[in-house]
Student: 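One structure, pasted below without further comment.
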Number of protein chains: 2
Amino acid sequence: MRKTSIKDIAAKANVSIATVSYVLNGTRNVRSDTRERVVAAIEELNYKPNAIAKSLKLNRTNTIGVIAEDVTVFNTPDIIDGINDFGDRNDLHILLVNLRLDKRIGRNFSNTEDYRKYAANAVAELLSNQVDGIIYIGVHPRDLTGLIDTEGKPIVYTYSYTQDDISIQYNDEQAAYQAMSYLVNQGHSRIAVISGLMDSIPSRLRLNGYYKAVTEYQLPFDPLLIKMGDWERESGYRLTSELLALPEPPTAILSMNDVMVVGILQAAEEKGFKIPDDLSVVGFDNREFSDYLRPRITTMGLPLHEMGYQAIEVLFNLIKGTKMDSLTMPECRLIERDSVATLKNAVRQK
Amino acid sequence: MRKTSIKDIAAKANVSIATVSYVLNGTRNVRSDTRERVVAAIEELNYKPNAIAKSLKLNRTNTIGVIAEDVTVFNTPDIIDGINDFGDRNDLHILLVNLRLDKRIGRNFSNTEDYRKYAANAVAELLSNQVDGIIYIGVHPRDLTGLIDTEGKPIVYTYSYTQDDISIQYNDEQAAYQAMSYLVNQGHSRIAVISGLMDSIPSRLRLNGYYKAVTEYQLPFDPLLIKMGDWERESGYRLTSELLALPEPPTAILSMNDVMVVGILQAAEEKGFKIPDDLSVVGFDNREFSDYLRPRITTMGLPLHEMGYQAIEVLFNLIKGTKMDSLTMPECRLIERDSVATLKNAVRQK
DNA sequence: CTGTTAGCGCCTTCAT
DNA sequence: ATGAAGGCGCTAACAG
């Protein structure tokens with residue numbers, strides 16, 4: 001049996017299909033007794049509107065295409081969650097394409113040609129399905145200019161960006177600065193930093209935040225405390241070993257991700273430094289495991305949910321053509337746990 | 001300007017729209033020169049078929065609705081990844097609905113009324129969008145009979161089940177048995193188990209696997225070695241403390257999740273037991289953090305990707321109405337790391 | 001081998 | 001306040 005359509009309920013209620021459409025959408029006034037007949041018929045036949053037909057007619061699907069470079073990478077689920085949060089409130093559906101880049105090409109994204117094909121296919125699929133707009137979620141912040149062509153369909157990038165489109169990023173510099181401020185407030189002044197790879201934008205921005213804090217708080221500046229890591233735990237281990245071998249080791253380390261903190265912990269243990277008593281550590285990312293390490297790691301949490309929420313909010317306004325007040329960049333949040341000691345000379349600021 | 005449609009390219013190629021449709025879908029033979037004219041027109045006008053219109057006509061969207069109870073819970077991204085894997089190969093699109101249960105109602109799912117409304121809305125949204133079938137991804141294996149009504153639309157559950165529908169589950173009993181076998185092969189015989197909550201199906205099934213191993217390997221059976229935990233790390237800590245205070249403590253513990261292992265580690269350290277030298281541990285779930293703990297934790301990895309893949313594969317066949325050979329239950333895989341010691345009396349089996 | 005045409009389910013202008 | 005009818009873009013008889 002065919003699914004019941006507007007026509008069936010029109011017949012049942014003894015009205016035209018137009019009238020049914022009117023009561024369905026409240027597009028026009030309908031005399032209350034006719035409306036009731038219609039509603040009754042809808043009820044009785046358990047009628048559900050066909051969104052596909054509606055989309056075809058209106059040339060608008062209320063569907064947002066989401067291209068995720070890899071849903072299994074730690075940042076992505078929370079961004080999607082933020083997208084869903086806004087989507088729920090605004091009757092927007094999510095068509096998800098997962099590029100699965102981590103499985104298909106690994107972690108090296110330097111050559112865009114390796115995945116241009118996947119990205120192009122994703123866009124084609126989404127456009128063919130007439131999504132009203134697209135959100136692109138990267139696995140690592142980087143410039144994707146020219147990767148895809150959405151043929152005029154609105155697109156918003158997050159955790160990545162292009163020179164031509166809107167993108168939602170969090171404030172890396174502020175985050176590093178905030179972490180440093182926290183450390184300073186706890187009485188630290190000799191603070192080392194272990195960066196990520198220096199070809200990464202976040203590494204550079206966070207280093208800016210570090211320098212800013214060093215300058216503003218007038219911390220003793222020592223180039224020996226600045227180490228270039230590569231995001232992996234081994235570099236955390238190696239660089240911390242160097243740091244702790246210094247004549248005057250730092251009292252705290254700011255690590256640009258939580259993974260390297262695992263190496264820091266190991267190096268500290270081997271050198272006989274207890275954390276946080278002999279060495280304080282602040283990580284980045286608030287990865288799930290940072291709460292399970294011993295000690296539990298204090299870290300800068302990424303505003304992932306907020307980024308997703310803001311991305312779709314901006315996209316939604318782009319689609320409707322409404323102007324938005326310039327919005328504020330999502331900020332990281334300090335997750336205070338047990339890896340930072342308060343030094344006795346600490347100046348408790350508000 | 002309107003998007004270019006089949007009509008435009010028909011005009012350009014001097015053929016009827018039917019012919020265009022035929023070359024587009026290869027539905028019928030078309031003389032090669034006419035085909036070329038059509039292809040050229042398609043190329044020139046950069047024509048992209050409108051999947052919405054096609055769906056309306058064919059009453060088939062090639063879209064699968066995925067209801068995730070919470071995409072931010074650790075098991076979900078990999079299941080979705082498996083769904084995408086199969087979806088990519090079979091030209092199936094994914095309409096994702098995220099119930100966000102973890103944020104909305106927390107971890108207590110005992111009262112289905114708390115989230116029936118969300119689930120019903122999700123189904124309505126999906127049905128309205130004419131998905132060809134539905135996959136429901138739970139956050140914890142449990143009986144969801146009667147939660148939703150898909151009005152005859154095919155549905156497959158995973159990480160949850162109902163009494164009426166197909167569901168994809170992994171083999172819990174086999175997993176626990178395999179973990180035990182591994183421990184036995186490493187020379188352990190006095191093996192404790194810390195279970196999850198006993199109202200949980202996985203807890204009971206894994207306990208079956210434990211008993212099966214105890215019986216088959218003729219291990220000394222000691223009820224004192226069987227502890228009921230609650231999945232949280234504190235219970236791992238507390239129960240391990242009890243275990244290690246025994247006159248004859250176990251040489252190994254099988255923990256039914258990785259979170260409790262964190263507690264086990266802490267208790268062992270406090271009691272002066274080194275892992276794995278004095279106490280071996282096997283966890284469950286292969287949570288990301290299990291690789292970052294010290295020592296790195298040997299654990300049973302869940303076949304999440306495979307579950308997602310199998311779920312959509314089964315659903316796809318359900319939709320097409322084709323019979324499938326009875327498929328094998330996905331199995332967990334031992335992730336061998338550094339938390340298990342090989343005892344000197346170990347009988348190395350193949 | 002190709003064209004004509006009737007819808008799929010819905011919205012909306014135009015008429016009454 | 002309601003109805004008739006055209007058409008969104010596409011597929012698949014049916015006809016030639």
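Letters A, B, ... are given to chains in the order of the sequence lines, protein chains preceding strands, and every chain is numbered from 1.
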Student: I'd like to know if A/D81 pairs up with B/K103 as an ion pair, taking the criterion as any Lys NZ or Arg NE/NH1/NH2 lying under 4.0 Å from an Asp or Glu carboxylate oxygen.
Tutor: yes
Student: So, OP1 or OP2 of C/dT13: does either fall under 4.0 Å of a side-chain N or O from A/Y22?
Tutor: no
Student: Could you tell me whether a side-chain N or O of B/R35 sits under 3.5 Å from a main-chain N or O of B/V23, the two making a donor and an acceptor?
Tutor: no
Student: Measuring to OP1 and OP2 of C/dG9, would you say a side-chain N or O of A/S5 lies under 4.0 angstrom away?
Tutor: no
Student: Show your working on side chain to side chain contact (heavy atoms under 4.5 Å, CB included) between B/Y136 and B/T150 and close with a plain yes or no.
Tutor: CA-CA 11 Å; B/Y136 189 103; B/T150 65; over 6 Å; no
Student: Write down the distance between CG (A/D8) and P (C/dC8), rounded to a whole number of angstrom.
Tutor: 10 Å
Student: Under 4.0 Å, heavy atoms only, any strand: does A/K57 hit a base, just the sugar-phosphate, or nothing?
Tutor: base
Student: Sub-3.5 Å donor-acceptor pair from the side chain of B/N317 to the main-chain atoms of B/E313, do we have one?
Tutor: yes
Student: In sequence, state the C-alpha distance, the side-chain angles, and the governing distance for A/N50 and A/K54, and then conclude on side chain to side chain contact (heavy atoms under 4.5 Å, CB included).
Tutor: CA-CA 6 Å; A/N50 181 330; A/K54 185 167 179 171; over 6 Å; no
Student: For B/V20, which contact category applies under a 4.0 Å heavy-atom criterion: base, sugar-phosphate, or nothing?
Tutor: nothing
Student: For B/T34 and B/R31, indicate whether the former's side chain and the latter's backbone hold a donor-acceptor pair under 3.5 Å.
Tutor: yes
Student: When the nearest nucleotide of DNA chain D is assigned to B/R28 and to B/Y47 on a heavy-atom basis, which residue is associated with the more 5' position?
Tutor: B/Y47
Student: Okay, side chain of B/T61, backbone of B/Q130: is any donor-acceptor separation there less than 3.5 Å?
Tutor: yes
Student: Without decimals, in angstroms, what is the distance between A/K7 NZ and C/dG9 P?
Tutor: 7 Å
Student: Would the number of heavy atoms belonging to other residues, nucleotides or ligands and lying under 6.0 Å from CZ of A/R60 be above 12?
Tutor: no
Student: Atom CG of B/N29 to atom P of C/dT2: distance rounded to whole Å?
Tutor: 9 Å
Student: Are OP1 or OP2 of C/dC8 and a side-chain N or O of A/N50 less than 4.0 angstrom apart?
Tutor: no
Student: Find the distance B/N59:CG to C/dG7:C1' and express it as a whole number of Å.
Tutor: 13 Å
Student: I'd like to know if the side chain of A/R28 reaches the main chain of A/S21, judged simply by a donor and an acceptor atom lying under 3.5 Å from each other, with no hydrogens or angles considered.
Tutor: no
Student: Are the side chains of B/L302 and B/D78 in contact, using a 4.5 Å heavy-atom criterion?
Tutor: no
Student: Side chain of A/A53 only, please: which of C/dT5, C/dG9, C/dC1 is the nearest?
Tutor: C/dG9
Student: Counting only non-hydrogen atoms, which of residues 36-46 of chain B are less than 4.0 Å from DNA chain C?
Tutor: none
Student: Could you tell me the boundaries of the chain A footprint on DNA chain D, defined by atoms under 4.0 Å from its heavy atoms?
Tutor: D/dA1 to D/dG9
Student: For A/T76 and A/T72, indicate whether the former's side chain and the latter's backbone hold a donor-acceptor pair under 3.5 Å.
Tutor: no
Student: What is the distance from CD1 of A/I6 to P of C/dG9, rounded to the nearest Å?
Tutor: 11 Å
Student: B/L58 near the nucleic acid: base, sugar-phosphate alone, or nothing, with a heavy-atom cut-off under 4.0 Å?
Tutor: sugar-phosphate
Student: Is it true that a side-chain atom of B/Q310 and a backbone atom of B/T328 form a donor plus acceptor pair closer than 3.5 Å?
Tutor: yes
Student: Whether A/S55 contacts C/dC10 is assessed here as follows: a side-chain N or O lying under 4.0 Å from the phosphate OP1 or OP2. Is that the case?
Tutor: no
Student: How bent is the helix from C/dC1-D/dG16 to C/dT16-D/dA1, comparing axes over its five end pairs at each side, to the nearest 10°?
Tutor: 40°
Student: Specify the separation, in whole Å, of atom CD of B/Q130 and atom P of C/dC8.
Tutor: 14 Å
Student: Return whichever of A/V30 or A/I17 has its heavy-atom-nearest nucleotide of DNA chain D closer to the 5' end.
Tutor: A/V30
Student: Rounding to a whole Å, what distance do you find between A/N25:CG and C/dT12:P?
Tutor: 7 Å
